[in-house]
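Small disclaimer: the values here were computed from a predicted structure and weren't measured. Chain A is the first sequence line, chain B the second, and so forth, proteins listed ahead of strands; every chain is numbered from 1. What's counted below: heavy atoms across the whole structure, side chains too, no hydrogens, waters or symmetry copies.
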Amino acid sequence: MKLFLSLLFRNRLAAFGAVVLAIIVILAVLTPLLPLHPPNATNTANRYLRPLADGHLLGTDHLGRDLLSRLLWGTRLSLAVGFAAALIAGLAGAAIGVMAGYFGGRTDNVTMRGIDMLMAFPYILLALAIVAVLGPGLLNALIAVAVVNIPFFARNIRGVTVGIAHREFIDAARLAGMGHARILLTEVVPNIVPVVVIAMSTTIGWMILETAGLSFLGLGSQPPQADLGSMLGEARSALITAPHTSIVPGVMILLIVMSVNLLGDGIRDALDPRLRSGALARPMAATRVDRRDVPPAQGDGLLTIDALDTQFQIGKRIYKAVNQVSLDLRPGECLGLIGESGSGKSVTALSVMGLVASPPGVITGGAVRLEGQDLIGAPYEVLRSLRGRRVAYIFQDPLSTLHPLYRIGDQLTEAIRVHDPVSHAEAHKRAVKLLEDVRIPNAAARMCAYPHELSGGMRQRVGIAMALANDPDIIIADEPTTALDVTVQAQILALLDELRQSRGLAILFITHDFGVVGQLCDRVAVMYGGRIVETGPTAEVLAAPAHPYTRRLIACVPELGQGQRVLAAIPGLPPAVDQLPDGCAFAPRCEKARAACKSGEIALTGATRKVRCLYPEEAHVARAENH
Amino acid sequence: MGGYILKRLLSAIPVLLGITVIVFLIMAMIPGDPATAILGSFATPENVERLNRFLGLDEPLWRQYFIWLGNMLQGDFGRSFALNRPVLDEILDRFSATLILAGTAFILCAVLGIVAGVVSASRQYGLADKAITFVVILGISVPSFFLGMMMILLFAVQLRWLPVSGMFSIWGGGNLPDLIRHLTMPAIALAVVATGVVARLSRGAMLEVLRQDFIRTARAKGVPERRVIWGHALRAAMVGIIPVLGIQAGFVLSGAVYIEIVFQWPGVGRMLVDAILRRDILLVQGGVVFIAACYVGFNIVVDVAQAMLDPRIKT
């Protein structure tokens, strides 16, 4: 509750709304006690006095009645009617919604069809029809507005109730022999009260507006009694000669409705967990860069990553997703980057082309060089022209990574045409060729298919074809086979390997599966807790892992034809990268950890094979000595 | 697609029937005797009875409903006693005016609302976003009739740029430029609230979409950011925006009632309010059914547009 209030007041607009509304409500409550003229006392000698006239702060209306007094009394009436309508609509709607949602089946069906029917009317038609039956009058307008809004509440509350009615505690109550009435009152209703209250608070503004509207039309409050709407309606005929009589009530309606809306928005935002966590923030076109110094170039590969630091900054927390990572990729080489989920391998890959979602991602240090040209902090247009043309990506889940509403042909030709402005016909021809290259049968016909019409394997082939569209030098494949089943996985790997050979592609292959690395990669780098812990040629690493983590990771790969073997899962969880321990990040899960492992910085040492461990595995040490 | 349209048209039939039932029942609940209302309280009992029989009001309720429905299906909506002319003629005369007003306002609110929402989302927390958010809050809080009155004061009375009210000038009017001059203020006043709602929703839908994986794919392909926003993201966001446009059409139609009164626009909304104040039941009944049917029809168009946009909707 305290958190909620502080969130609400951090939102300055909501706080402003709350203050304005509070002042208006207090004034309305105190109206009978204030020293005002009687609101209905006419004085035709003093018609249309301007504001600030003697004794009439806001002037007088067409019958010489004091506008200030009428304004406050009218506000009082409008507020009361608005709140009452919201209350009636909320309670009735909630009752209908709870019944429909809780009992389900036919009750639900019939009720909801009726609700749908009511929603097929533009709201004012229904309100007009109801007023036509009941006759003009404020109470009737109130009823009309309330009734018109019942469907909205009923629908919302039904949705919430359906969610609750299938929860375990309801079943438990039923099994305990409680009757429907008791379950509804003791289990269901308490859970939906907050929802109803929020829905009411956000619709009061509407209710006030709608009743004011009916009164404005002459269908609501009848003279001499006046709410804000009928004040406006009466003043309309004198709009041009005495505009203040219209402006005064109009501005009041605007103030009330605006403050209610601001407050309602603030309440909704404060309660929305996604807004709190920043999950609704928009990722920018390129990752934000906040880098102090540029490390010197180390390797001389096609793509070199030097001491890269990428962080997620959420609130006051800093998650060091990529921590001083250095890699280099030579032409035509396949480098595997392996690690558990959360180890920072994908973030490393996305940092290369500035594709880490930001906010919250920030690149805080290091360099990524493509043939010596530093890409970190490069102008957006430079990055964009390299994306897809020199460095292309293949992503994990091809269903969510392909645009669901574009034909795959259009997505392919777009990939070609953003870098090479050829004609549509030419792009189409090339796209068909690409689909054939990735072994999609019936390629020309498939150009018209939507992603959801293809199988997972076919979709990933489309993803690969799209990456190949501009004949890039480097492909960064971010777990391209993880979402696929095993046979399809093998086909895709074979395809990638073949394309690599025939086109001389360099591939940075990200995976969590050592089996895949063994099939495809020349070299491998192992990541843990945002850092590289071991690198080396794949065969050597597989034969004699140096880091205990690598050894355990290799032991996780099941082998066919080896009979039953206990798969050695690694106990514990990967570290949270917002509070990395001193020393080796793997130490808490390592069987061989000693005191020295838990303090100080442990360096990545070695030449072709590097390892970040004080006590590397014996097999590795033995091999190193033999060489 | 043809099959889908047919299915959608057929599914509208029970909705339309439901609407006629609801309207009929509401009107049947009106206390008092329609014949007395027409003839006045000094009418003789024989005359009241004769008129009741003439209007078919001595029949049982369900028969009255079917007679009314049957007549309506044949284009006979009854006669307005206050205007002494067929209800349908009166509605059709005025409907084009409402259609011009509400249609213009609807197009305004859809275009401006979506553009404002997209700009707002693509500059989240930036200056443009804050400015748009503020204007939107103001827009959805102002009563359209009050806004209309203030516009008259400013643009017609003070600045004399636009005519105060009506649809055409009395002298020498009737051409298109004249109509546009008369239409400008009411259409804008009517569009403001709906624009705010559409802008707000479009912003939310865009923010939701911009985090999706396929946006990252588009960026990874090297698609220029402008095209990522206005092409890839907006297209996907439209799936969420279009149904709201359907709902907003109802609000625009509703708001037209107020705007027609403020600007003396000769449309159906004003006719309905007058009819209610005169207790001209058949005119109210016919008008409500007619507008509701148009609204249902418009929502079918919206659904079909949605199905054309989103291939995942089964056709």
Side-chain angles (χ1 to χ4, degrees), chain A residues 116-118 120-125 128-133 136 205 209 212-213 216-219 232 236 239-240 243 246-247 250 253-254 257-258 261-262 280-283 285 353 355 357 380 384-389 392-393 395 397 400-405 414-415 418-419 450 452 466, chain B residues 15 18-19 22-23 26-27 29-30 121-122 124 137-138 140-143 145-146 149-150 152-153 157 207-208 210-214 216-225 228 232 235-236 239 250-251 253-254 257-258 261-262 272-273 276-277 281 284 288 291-292 295-296 309-312:
Chain A
D116 285 347
M117 217 71 93
L118 285 178
F121 287 91
Y123 79 89
I124 199 157
L125 284 188
L128 288 180
I130 293 169
V131 174
V133 172
L209 215 51
F216 174 78
L217 296 177
L219 303 174
L232 248 180
R236 196 170 66 83
L239 173 64
I240 293 165
S246 303
I247 294 175
I253 300 179
L254 176 64
V257 177
M258 191 161 81
N261 283 343
L262 285 174
L280 280 184
R282 172 193 93 91
M353 281 285 134
L355 289 171
Y380 167 72
R384 186 195 74 73
S385 81
L386 293 173
R387 286 175 180 176
R389 190 168 61 85
Y393 282 85
F395 295 108
D397 177 4
S400 64
T401 54
L402 291 174
H403 197 296
L405 307 182
E414 181 185 39
V418 287
H419 293 299
Y450 288 95
H452 72 276
M466 208 149 78
Chain B
V15 177
I19 286 172
I22 292 173
V23 173
I26 291 178
M27 292 300 151
M29 282 191 290
I30 293 184
S122 61
Q124 193 189 14
I137 284 273
L138 208 61
I140 58 174
S141 305
V142 66
F145 41 93
F146 178 57
M149 287 161 71
M150 292 302 107
I152 292 177
L153 266 186
V157 178
L207 287 180
E208 198 87 22
L210 279 169
R211 291 208 74 91
Q212 304 278 324
D213 287 347
F214 57 79
R216 190 182 60 194
T217 308
R219 287 180 171 148
K221 283 200 292 194
V223 176
E225 186 63 10
V228 171
H232 292 245
R235 176 125 182 193
V239 172
F251 279 91
L253 265 179
S254 298
V257 174
Y258 304 117
I261 287 183
V262 171
L272 275 181
V273 175
I276 289 171
L277 290 173
I281 302 307
V284 176
V288 170
I291 298 179
Y295 180 55
V296 170
L309 178 78
D310 190 347
R312 291 166 299 184

Under a 4.5 Å cutoff for heavy-atom pairs, which residue among [options] has the most contacts with chain B?
{"options": "A:Leu232, A:Ile253, A:Val131", "answer": "A:Leu232"}
{"options": "A:Ala392, A:Ser400, A:Gly205", "answer": "A:Ser400"}
{"options": "A:Leu402, A:Ile130, A:Leu386, A:Leu239", "answer": "A:Leu239"}
{"options": "A:Leu405, A:Val257, A:Leu219", "answer": "A:Leu405"}
{"options": "A:Ala129, A:Ser385, A:Ala212, A:Gly213", "answer": "A:Gly213"}
{"options": "A:Gly388, A:Gly250, A:Ala415", "answer": "A:Gly250"}

Do B:Arg216 and A:Pro283 make a side-chain contact, defined as non-hydrogen atoms from C-beta onward lying under 4.5 Å apart?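 When only atoms from C-beta onward are counted, A:Pro283 and B:Arg216 do not touch, as no gap falls below 4.5 Å.
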
Is [X] close to chain A through its backbone or its side chain, or both, or neither, when contacts mean heavy atoms under 4.5 Å?
{"X": "B:Gln212", "value": "neither"}
{"X": "B:Val239", "value": "side chain"}
{"X": "B:Leu272", "value": "side chain"}
{"X": "B:Ile26", "value": "both"}
{"X": "B:Val157", "value": "side chain"}

Would B:Ile22 and A:Leu118 satisfy side chain to side chain contact (heavy atoms under 4.5 Å, CB included), going step by step from the backbone distance to the final call? CA-CA 8 Å; B:Ile22 292 173; A:Leu118 285 178; 3.9 Å; yes

Which of B:Val228, B:Val142, B:Ile261 touches chain A most, by non-hydrogen pairs under 4.5 Å: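 Between B:Val228, B:Val142, B:Ile261, the count favours B:Ile261.
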
Which residue out of B:Pro143, B:Ala218, B:Ala220, B:Gly18 racks up the most heavy-atom pairs below 4.5 Å with chain A?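 Greatest number of close heavy-atom pairs with chain A: B:Ala220.
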
Show the nearest heavy-atom pair for residues [X] and [Y], with the distance to one decimal.
{"X": "B:Pro311", "Y": "A:Pro404", "answer": "CG-O, 3.9 Å"}
{"X": "A:Leu355", "Y": "B:Arg219", "answer": "CD2-CB, 3.8 Å"}
{"X": "B:Phe146", "Y": "A:Ser246", "answer": "CE1-O, 3.6 Å"}
{"X": "A:Leu254", "Y": "B:Leu138", "answer": "CD1-O, 4.2 Å"}
{"X": "A:His419", "Y": "B:Lys221", "answer": "NE2-O, 2.9 Å"}

Main-chain N/O of B:His232 paired to A:His403 side chain as donor or acceptor, under 3.5 Å: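 The answer is yes, because a donor-acceptor pair under 3.5 Å joins these two groups.
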
With a 3.5 Å distance limit and no angle check, can you tell me whether A:Thr401 reaches the backbone of B:Thr217 through a side-chain donor-acceptor pair?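 Flag not set: sc A:Thr401 to bb B:Thr217 has no pair under 3.5 Å.
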
At what distance, to the nearest 0.5 angstrom, does [atom1] of [X] lie from [atom2] of [Y]?
{"X": "A:Leu209", "Y": "B:Ile140", "atom1": "CG", "atom2": "CD1", "value": "10.0 Å"}
{"X": "B:Ile137", "Y": "A:Leu262", "atom1": "CD1", "atom2": "CG", "value": "4.5 Å"}
{"X": "A:Arg384", "Y": "B:Glu225", "atom1": "CZ", "atom2": "CD", "value": "10.5 Å"}
{"X": "A:Ile240", "Y": "B:Ile152", "atom1": "CD1", "atom2": "CD1", "value": "7.0 Å"}
{"X": "A:Arg236", "Y": "B:Met149", "atom1": "CZ", "atom2": "CE", "value": "7.0 Å"}

Partners of B:Tyr295 by ring pair (Phe, Tyr, Trp, His ring centres under 6.0 Å), sequence neighbours excluded?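 Here no residue qualifies.
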
Which label fits A:Phe216 and B:Phe145: parallel for a plane angle under 30°, tilted from 30 to 60°, or perpendicular past 60°?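 Judged by the thresholds at 30° and 60°, the geometry between A:Phe216 and B:Phe145 is parallel.
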
Quick one: what part of [X] sits under 4.5 Å from any heavy atom of chain B, side chain, backbone, both or neither?
{"X": "A:Val418", "result": "side chain"}
{"X": "A:Ala357", "result": "side chain"}
{"X": "A:Leu217", "result": "both"}
{"X": "A:Pro136", "result": "side chain"}
{"X": "A:Met258", "result": "both"}

Set of side chain to side chain contact (heavy atoms under 4.5 Å, CB included) partners for A:Ile247, sequence neighbours left out: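 Here the qualifying residues are A:Pro243, A:Val251, B:Met150, B:Leu153.
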
